[in-house]
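Following: one structure in structure tokens, then a few remarks.
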Amino acid sequence: MPIYEYRCQQCGERFEQRESLAEHEVAKPKCLKCGSDKVTRAFTGFYAKTSKKS
């Protein structure tokens, strides 16, 4: 299940939330610090680990 990172526009707090793809489509997360619903998704890099075939 992917982990999405969010940033609160009111207090600047960044937090992560684990959501399925279906949940992410309708998610309306609230800031864990101040409770604001003015939250935007923070775009971050990701790391994909794959098996190496020889």
Side-chain angles (χ1 to χ4, degrees):
M1 196 174 329
I3 298 174
Y4 295 94
E5 189 170 337
Y6 294 94
R7 181 180 176 278
C8 178
Q9 293 178 334
Q10 189 165 335
C11 72
E13 179 76 8
R14 290 178 79 108
F15 61 95
E16 295 178 342
Q17 189 164 315
R18 187 175 299 209
E19 303 166 350
S20 70
L21 294 175
E23 289 172 333
H24 182 65
E25 293 292 321
V26 295
K28 297 185 191 298
K30 291 191 176 193
C31 178
L32 303 175
K33 185 176 181 181
C34 72
S36 172
D37 61 352
K38 294 180 181 175
V39 173
T40 58
R41 183 155 171 234
F43 290 95
T44 58
F46 70 94
Y47 175 77
K49 185 176 181 181
T50 60
S51 61
K52 193 175 200 180
K53 295 183 180 181
S54 23

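Heavy atoms only: backbone and side chains are in, while hydrogens, waters and symmetry mates are out.
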- Task: Please round to the nearest 0.5 Å and tell me the distance separating atom CZ of Phe15 and atom OH of Tyr4.
- Result: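 Reported value, rounded in 0.5 Å steps: 14.0 Å.
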- Query: In Å and rounded to the nearest 0.5 Å, what is the OG to CD distance from Ser36 to Gln9?
  - Reply: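 Atom-to-atom, Ser36:OG and Gln9:CD are 8.0 Å apart.
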- side-chain contact (heavy atoms from CB on, under 4.5 Å) involving Glu5 - partner list, sequence neighbours excluded: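 With neighbours one apart ignored, the set is Arg14, Glu16, Ala42, Thr44.
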May I have the list of side-chain donor-acceptor pairs in residues 23-32 shorter than 3.5 Å, sequence neighbours left out?
{"unit_1": "Glu23", "atom_1": "OE1", "unit_2": "Ser20", "atom_2": "N", "d": "2.9"}
{"unit_1": "His24", "atom_1": "ND1", "unit_2": "Tyr6", "atom_2": "OH", "d": "3.3"}
{"unit_1": "His24", "atom_1": "ND1", "unit_2": "Glu19", "atom_2": "OE1", "d": "2.8"}

